[in-house]
Enquirer: 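For reference, the structure I am asking about is given below.
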2 protein chains.
Amino acid sequence: MSTATRTRWADHALATLQAAGYRRGGARTVVVEALARHDCAVTALDLDDELRRRKAGVGRASIYRALEQLEQLGLLRRIEVARGVAGYERIEPDGEHHHHAICRDCGRMIPFEDASLERAIDRVSGRMSFDAAEHEVTIRGRCERCAA
Amino acid sequence: MSTATRTRWADHALATLQAAGYRRGGARTVVVEALARHDCAVTALDLDDELRRRKAGVGRASIYRALEQLEQLGLLRRIEVARGVAGYERIEPDGEHHHHAICRDCGRMIPFEDASLERAIDRVSGRMSFDAAEHEVTIRGRCERCAA
DNA sequence: ATGACTGCAAAGCCTTTGCACGCAA
DNA sequence: TTGCGTGCAAAGGCTTTGCAGTCAT
């Protein structure tokens, strides 16, 4: 994941927000920039900790609000990273994305991608009377470390 | 999904619980029998409503405790059916299972299954240094009704 | 008799909402 | 100036836990 890709997403996100009629507020922009620095799912509380450490002066509520708006606009994908905890990941304009294997013992997330898996999902989606916008695949089990 | 399949799961579940050292308590058995009647994901609160209507005399806490024990024993698969809401589905001993398309407008769940998708997931799992036990695929978008 | 099991109520935890103030447009 | 955007604190909603009584073994 290159720096250019991250910047591209941030620019794309800010432009989309503006086009949707959102004002260029301070908190939301800070959240977008923070998301641009992560390549795998982050939770709202992760961002809250991070921004607090950076003394960004962004309230927790604003983080949740920004995440929801970004998700609605198709800029973020929301996945469950732990029981009742949501994680958010950038949706790249070019469609590039990965899925996750999550360790049920330590919670570690291992990202993976596979073209034939994507093709299989596309084929299934195409056969259904359903307007598919996103999809997610989660493999659960034990990671290398915990299985030992 | 045949009645035989449901009964088979219930028997298998009760036997597994007993083998794991659990006592044949009343509440847990009622939860197992309730789960046997559902072919797609049900939430803890759904079960609570259902059992209350049937005057089963099972407390909400016992439902949550039973669901967690059954999940730990590999008898149930836990999936997220709405923001922060968990749904549970039987894991059939023969491995038969389906996945879900979930409408982001009305929340409807449309089950689907696809052999080539399963093969693709198995191939990916096999290549990873990860002890894969379960997997889930979720397609999100708009259902036929809401897309219109 | 012993310790698991259960129901009730209270507590937890992530997330959302109400409200008054501040700031973009 | 208008009303969207924000931070803080309080409220919500699902889930988990503490506890004392009950029941399986």
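Quantities reported herein were computed from a predicted structural model and do not represent experimental measurements. Chain naming here is simple, since letters A, B, ... match the order of the sequence lines and numbering starts at 1 in each.
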Enquirer: Check salt bridge (Lys or Arg N to Asp or Glu O under 4.0 Å) between E92(B) and all other residues, then give those that pass, not counting sequence neighbours.
Expert: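 With sequence neighbours excluded, E92(B) shows a salt bridge (Lys or Arg N to Asp or Glu O under 4.0 Å) to R90(B), given in chain and number order.
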
Enquirer: Calculate the interatomic distance between D46(B) atom CG and dG13(D) atom P; express it in whole Å.
Expert: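 Taking CG of D46(B) and P of dG13(D), I get 16 Å after rounding.
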
Enquirer: Please give me every residue in residues 75-86 of chain A whose heavy atoms get under 4.0 Å of an atom in DNA chain C, ordered by residue number.
Expert: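 Listed by number, they are G84(A), V85(A), A86(A).
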
Enquirer: Does a nitrogen or oxygen in the side chain of R28(B) sit under 4.0 Å from OP1 or OP2 of dC5(C)?
Expert: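 True: R28(B) side-chain N/O within range (under 4.0 Å) of dC5(C) OP1/OP2.
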
Enquirer: Which angle, to the nearest 10 degrees, lies between the helix axes at the two ends of the helix from dA1(C)-dT25(D) to dA25(C)-dT1(D), each defined by five pairs?
Expert: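 Taking the rotation axis at each end, their angle is 30°.
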
Enquirer: When the distance from CG of L17(A) to C1' of dC4(D) is rounded to whole Å, what number comes out?
Expert: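 The answer, rounded to whole Å, is 14 Å.
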
Enquirer: Output side-chain donor-acceptor pairs under 3.5 Å for residues 138-148 of chain B, partner residues at least two apart or in another chain, one line each.
Expert:
from, atom 1, to, atom 2, distance (Å)
R140(B), NE, E136(A), OE1, 3.3
R140(B), NH2, E136(A), OE1, 3.3

Enquirer: Applying side chain to side chain donor-acceptor pair (under 3.5 Å), can you list everything that pairs with E134(B), at least two apart in sequence or on another chain?
Expert: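 E134(B): side chain to side chain donor-acceptor pair (under 3.5 Å) contacts with R77(B).
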
Enquirer: In whole Å, I'd like the distance from the OH atom of Y22(A) to the C1' atom of dG3(D).
Expert: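 One finds 15 Å between C1' of dG3(D) and OH of Y22(A), rounded.
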
Enquirer: Does anything in residues 126-148 of chain B pair up under ring pair (Phe, Tyr, Trp, His ring centres under 6.0 Å), and if so which pairs, sequence neighbours excluded?
Expert: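 Applying ring pair (Phe, Tyr, Trp, His ring centres under 6.0 Å) to every pair that reaches into residues 126-148 of chain B, excluding sequence neighbours, yields H97(B)-H135(B), H99(B)-H135(B).
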
Enquirer: Regarding E68(A) and R83(B), does a basic nitrogen lie under 4.0 Å from an acidic carboxylate oxygen?
Expert: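 Between R83(B) and E68(A) there is no salt bridge, as every charged N stays at least 4.0 Å from the carboxylate O atoms.
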
Enquirer: Is it the case that the side chains of D122(B) and S125(B) hold a donor-acceptor pair, with the cut-off being a distance below 3.5 Å and no angle test?
Expert: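 Short answer, no.
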
Enquirer: Separation of D49(B) atom CG from dG13(D) atom P, in whole Å?
Expert: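 To the nearest whole Å, that distance equals 14 Å.
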
Enquirer: If hydrophobic residues (ILVMFWY) are linked whenever their side-chain heavy atoms come closer than 4.5 Å, directly or via other members, who joins L45(A) in its cluster?
Expert: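 Grouped by the 4.5 Å side-chain rule, Y64(A) form the rest of the cluster around L45(A).
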
Enquirer: Suppose we screen for salt bridge (Lys or Arg N to Asp or Glu O under 4.0 Å). Which residues come up paired with R108(A), at least two apart in sequence or across chains?
Expert: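 Residues passing salt bridge (Lys or Arg N to Asp or Glu O under 4.0 Å) with R108(A): none at all.
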
Enquirer: Could you state the CD1-C1' distance from I63(B) to dA9(C), rounded to the nearest angstrom?
Expert: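 Spelled out: CD1 on I63(B) to C1' on dA9(C) is 16 Å.
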
Enquirer: Can you tell me the distance, in whole Å, between the CD atom of Q69(A) and the P atom of dG5(D)?
Expert: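 Q69(A) atom CD is separated from dG5(D) atom P by 7 Å.
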
Enquirer: Please list, one pair per line, the donor and acceptor atoms closer than 3.5 Å that link side chains of residues 53-62 of chain A to other protein atoms, with sequence neighbours excluded.
Expert:
from, atom 1, to, atom 2, distance (Å)
R60(A), NE, D48(A), OD2, 3.0
R60(A), NH2, D48(A), OD2, 2.9

Enquirer: In whole angstrom, give the distance that lies between atom CZ of R60(A) and atom P of dG18(C).
Expert: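 Whole-Å distance recorded here is 19 Å.
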
Enquirer: Could you tell me the separation between the CG atom of L14(B) and the P atom of dC5(C), rounded to a whole number of Å?
Expert: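 Answer to the nearest Å: 13 Å.
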
Enquirer: In a table with atom names and distances, give each donor-acceptor pair under 3.5 Å that connects a side chain of residues 23-32 of chain B to protein atoms at least two apart or in another chain.
Expert:
from, atom 1, to, atom 2, distance (Å)
R28(B), NH1, Q69(B), OE1, 2.8
R28(B), NH2, R23(B), O, 3.0
T29(B), OG1, G25(B), O, 2.9

Enquirer: Summarise protein proximity over nucleotides 17-24 of chain D in one line of letters, 5' to 3': B for base, S for sugar-phosphate only, - for none, counting protein heavy atoms closer than 4.0 Å.
Expert: BB-----B

Enquirer: Can you sort out the partners of E89(A) under salt bridge (Lys or Arg N to Asp or Glu O under 4.0 Å), two or more places apart, ordered by chain and number?
Expert: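 Salt bridge (Lys or Arg N to Asp or Glu O under 4.0 Å) check on E89(A) returns nothing, list empty.
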
